[in-house]
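Here's the structure, in structure tokens; my notes come after.
Here is the naming used below: chain letters follow the sequence lines, and residue numbers restart at 1 for every chain. On a predicted model such as this, the values are computed, not experimentally measured, just so you know.
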There are 2 protein chains.
Amino acid sequence: MGSTLKELSKSLGLSTSTVSRALSGREFKRGTTRAQAERIMAQATQLGYEPNGLARSLKTKRRQVVGLIIPDIKNDYYAAAATLVQTTLGEAGYQVILCVTNDDPEAEAAQRRLLREERVAGMVVVPSPHQRNGRVQENALRSSTPIIELVRRSRDSSTDAVLIDDVDAGWQGTRHLLDLGHRRIAVLTGPRSVSTSRLRLNGYCDALASAGIAVDESLIHAGPYRRDAALRATLTLLARDDRPTALIATSNELVVGALQAIMQSNVRVPDELSFVGFGNADWFTLLRPALTTVALPIENMAIVAAHQLLTRIRLADSPGVPTTKTPVVSRYQAHLIVRDSTRQLEMS
Amino acid sequence: MGSTLKELSKSLGLSTSTVSRALSGREFKRGTTRAQAERIMAQATQLGYEPNGLARSLKTKRRQVVGLIIPDIKNDYYAAAATLVQTTLGEAGYQVILCVTNDDPEAEAAQRRLLREERVAGMVVVPSPHQRNGRVQENALRSSTPIIELVRRSRDSSTDAVLIDDVDAGWQGTRHLLDLGHRRIAVLTGPRSVSTSRLRLNGYCDALASAGIAVDESLIHAGPYRRDAALRATLTLLARDDRPTALIATSNELVVGALQAIMQSNVRVPDELSFVGFGNADWFTLLRPALTTVALPIENMAIVAAHQLLTRIRLADSPGVPTTKTPVVSRYQAHLIVRDSTRQLEMS
DNA sequence: CTGAAAGCGCTTACAG
DNA sequence: CTGAAAGCGCTTACAG
């Protein structure tokens, strides 16, 4: 335990230089040096020597660690993202420091700073909602750590981003319900300070407009991404005299809350209410009725984000290249999966 | 970007010692030095100085980073564990490096080594299944990094462990079905090389024995913790002429696979088959029928494990204390939640 | 209170 | 091919 290069070298009667080189593995040209290298490695395992990664990174300025900042790991959606980011980066030899924000901007700022102090090679981040008076993080801006934003885009961001075509996603879910004859369509979204919420809501409004329907603000609930909030909002919605005939929940957590409320209210889906979810957790198909949903290609996106980060890291490492500061932003298409929770509205 | 203590000091006309001390914040006895300290800090933010955590840790030998090794982050059960470990350790000022093994012992060994090279202050690990010829990891043994095992216990382990009373958990689920009059009870477990699988199965066998029922090996499926395996096994079980009247799935992933098979087979629960799950994912109550399940206190356990790790870390830091090598092992009780997926067996 | 100096554990030109 | 030496960016006794 705790043996160092110096101790190892002394026990071998060699210099740290030689031992270091042998251990690095580019040292076996001749038969005689090859034997030497093997002797060194044997002694290393004998002493239980394990190099100090901190010292190495300090010296080489190369770091095989990246940060991942997400709002919530229990959420199936982000759990899927984390898995793929972790796996993809892991295959490239990187370790991942996981940070969970709970959508708290201050927590996120602290975590970003900590990751920078850890000198991570880069970060994948799902940004939290903005604060009211969003003073720009100066250090963050000046920092050269490559960052890829995933799913959500922070205001004034100048980094790469891998996003969903949120407007279209909102449109698709709404359009499906309109096509089934629904007119009073309620929607649950996150706070308007989050890009995805705003844009999905835009899609919803666009779809209504395209059908010549005026937006009824009372059918829109924009709250935090928490199931309890969604539960309460849905309960209220369902208790109205002029109850909507359809409901869209635009994120995983909102789906859970909405479904809980629907069960509590004993409202029958799809007979009394058509329901459209977002995302595509495994258990969606285990429900009866199975959920109609706007599926989001999160796993793909996570892989893309990881690769893009890798690219940025390599770019930042190669000295010659004048780091292109043009952010690369891509948007991936959602697609509707029609199952059993939506149906044609019966004319009454 | 990238400014160092030295640069900062030079720009202030001070020594690095003074600046370092001022930044560390124990430097404001007098009014005059207090002003000095503030001037230093102002300049630090001005230059966007952020200390290099690697250099600091190398020097101080203190590390505010721990490792977390789990089999699968998409699994609700481990996602819950990860969340609580992350949060608890985060509150104590630690960052968490997340490693996912997919139950591959070689991946786990590599990850442990990497974490040791990162000189993490400690680890929480859910061990993978053993390999056939389990050669002991010598370095791991010699290493002094504090480790807490969570949920599963590795063979010959000499570390602390926070576990479930698995025998009792298996007993409870089985006993419930026996009390309802079931005699042909099938069970899905993980590989026998995992402690939880073995012990839960023991509980199952004990319960059968207590009811004077001989164990029928053909009703036991011990496979990998993967839903596709569980799906196939369940399909086979349900296609038998002497189909069991009850089924227990002893982990989250096995529950998902079993339910998929049940739906495919059009077997009605609980009329034709009583079903007992394990764990308590949120969506269990969203199903119809809602799932009867053996709930496991994973969130509590994750918190306990995190605290226990913190304790071990502090112990390892205090030099005087002769590190007690007696492992502390605790087991937490599962508790049965009866919902609608189990019912009295009708005598025919 | 301040600064010069040593050292944490590595890697890597640079001579030999 | 090998070793002595410098240095990555900090912190912390040690004198002054």
In B/S/- notation, 5' to 3', how is nucleotides 11-16 of chain D contacted by protein heavy atoms closer than 4.0 Å? BBB---

Give DNA chain C the dot-bracket treatment, 5' to 3': Watson-Crick (N1-N3 with N6-O4 or O6-N4) or G-U (N1-O2, O6-N3) under 3.5 Å, [ ] crossing, | other strand. |||.||||||||.|||

With a 4.0 Å cut-off on N to O distance, would you call A:Arg63 and B:Glu118 a salt bridge? yes

Side-chain (B:Thr4) to main-chain (B:Glu7) donor-acceptor, under 3.5 angstrom: yes

So how far is it from A:Cys99 SG to A:Ile73 CD1, rounded to the nearest 0.5 Å? 11.0 Å

Test your reading of the model: is there a side-chain donor-acceptor pair from B:His130 to the backbone of B:Arg155, 3.5 Å cut-off? yes

Which atom pair, heavy atoms only, marks the closest approach of B:Ala92 to B:Leu310? CB-CD2, 3.7 Å

Send over the distance from A:Ile40 CD1 to D:dG3 C1', rounded to a whole Å. 13 Å

For the pair made of NZ in A:Lys10 and C1' in D:dG3, what is the distance, rounded to whole Å? 16 Å

Could you tell me whether B:Glu50 and A:Arg119 have a side-chain N and a carboxylate O separated by less than 4.0 Å? no

Return the value, rounded to whole Å, for the distance between atom CG of A:Leu58 and atom C1' of D:dA6. 13 Å

Calculate the interatomic distance between B:Arg63 atom CZ and C:dG9 atom C1'; express it in whole Å. 14 Å

Output the rounded distance in Å from CD (A:Glu117) to C1' (D:dG9). 13 Å

Atom-to-atom span, CG of A:Leu54 to C1' of D:dG9 - whole angstrom: 12 Å

A:Gln111 side chain vs A:Val100 backbone, donor-acceptor pair below 3.5 Å: yes

Side chains of A:Val126 and A:Ile69: does their closest heavy-atom pair fall under 4.5 Å? no

Take atom CD of A:Glu118 and atom P of D:dG9, then tell me their distance rounded to the nearest Å. 16 Å

Could you tell me the separation between the NZ atom of A:Lys6 and the P atom of D:dA4, rounded to a whole number of Å? 13 Å

Side-chain donor-acceptor contacts of residues 145-153 of chain A below 3.5 Å, not counting sequence neighbours, with atom names and distances?
unit_1, atom_1, unit_2, atom_2, d
A:Thr145, OG1, A:Ser143, OG, 3.0
A:Glu149, OE1, A:Arg153, NH1, 3.3
A:Glu149, OE1, A:Ser154, N, 3.0
A:Glu149, OE1, A:Ser157, OG, 3.3
A:Glu149, OE2, A:Ser154, OG, 2.6
A:Glu149, OE2, A:Ser157, OG, 3.4
A:Arg152, NE, A:Pro127, O, 3.0
A:Arg152, NH2, A:Asp103, OD1, 2.4
A:Arg152, NH2, A:Pro127, O, 3.1
A:Arg153, NH1, A:Ser157, OG, 3.1
A:Arg153, NH1, A:Thr159, O, 3.1
A:Arg153, NH2, A:Ser157, O, 3.2
A:Arg153, NH2, A:Thr159, O, 3.4

